[in-house]
Amino acid sequence: MSITMVMASEDVCLPTIGVLAEDLKRAIVPDAVVRLDLSAAASPDLSVIQLVQSARIGAAAAGCDFALSAPADAPLRALLNRAGFLPAPADDTQFWLHGETAQ
């Protein structure tokens with residue numbers, strides 16, 4: 001089974017989130033395997049978390065295997081903390097941090 005990689009741009013934030021939203025919309029289809037790479041996102045904002053959460057729900061409804069390609073890096077982890085997403089239940093910790101302990 002092939003994996004569809006969706007890459008976020010360096011400047012992904014509210015003014016540019018539409019591009020990433022369209023990429024995810026095209027990729028998340030029934031029985032697909034999609035990995036989202038947020039490693040280039042230099043200064044993600046809350047719109048990124050909102051889009052990813054929405055994509056998780058849509059992927060689950062479509063029967064799509066959706067995950068991050070790597071655990072949240074320091075800027076994203078800090079944003080998750082500020083937004084109240086961390087600490088999180090086990091399934092959210094697995095998604096965002098690949099099971100690492102939230103610090």
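Numbers for residues simply follow the sequence, beginning at 1.
- Of all heavy-atom pairs between M7 and D37, the closest is CE-OD2, 3.3 Å.
- Counting heavy atoms from C-beta outward, E10 and V12 have side chains that stay 4.5 Å or more apart.
- In this structure, the side chains of F85 and L79 stay at 4.5 Å or more apart for every pair of heavy atoms.
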Audit row: D45, I17, side-chain contact (heavy atoms from CB on, under 4.5 Å) steps and yes/no: CA-CA 10 Å; D45 63 12; I17 198 73; 5.6 Å; no
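- Using a distance-only test at 3.5 Å, with no hydrogens or angles considered, no donor-acceptor pair links the side chain of D23 to the main chain of V6.
- Here the closest non-hydrogen pair linking C13 and S43 is CB-O, 4.5 Å.
- The structure places OG of S69 at 7.0 Å from CG of L38, a figure rounded to the nearest 0.5 Å.
- With hydrogens and angles disregarded, no donor-acceptor distance shorter than 3.5 Å links the side chain of R77 to the backbone of P71.
- If you take CG on L76 and CD1 on I49, they are separated by 6.0 Å, rounding to the nearest 0.5 Å.
- In this structure a side-chain-to-backbone donor-acceptor pair under 3.5 Å is missing from T4 to V34.
- Of the possible donor and acceptor atoms, none in the side chain of H98 sits under 3.5 Å from a partner among the backbone N and O of T93.
- With rounding to the nearest 0.5 Å, the separation of CG in L36 from CZ in F95 is 7.0 Å.
- For V29 against R26, the heavy-atom pair with the smallest separation is CG1-O, 3.7 Å.
- Here L68 contributes atom CG and Q94 contributes atom CD; the two are 10.5 Å apart, rounded to the nearest 0.5 Å.
- The nearest pair of heavy atoms linking A40 to A8 is CB-O, 3.6 Å.
- Summarising the geometry of F66 relative to A59, their closest heavy-atom pair is CB-CB, 3.4 Å, with the distance given to 0.1 Å.
- Between P75 and P44 the shortest side-chain heavy-atom distance falls below 4.5 Å.
- Counting only distance, with no hydrogens or angles, the side chain of T16 and the backbone of D11 share a donor-acceptor pair below 3.5 Å.
- Across all their heavy atoms, D73 and S39 have their closest contact at OD2-O, 4.0 Å.
- The pair D92-R56 meets the salt-bridge criterion, with a side-chain N (NZ, NE, NH1 or NH2) lying under 4.0 Å from an Asp/Glu carboxylate O.
- No continuous path of hydrophobic side-chain contacts links L51 to V19 [ILVMFWY only; heavy atoms under 4.5 Å].
- Cluster annotation: L80 is connected to L46 through the hydrophobic network of ILVMFWY side chains, with a link wherever side-chain heavy atoms come within less than 4.5 Å.
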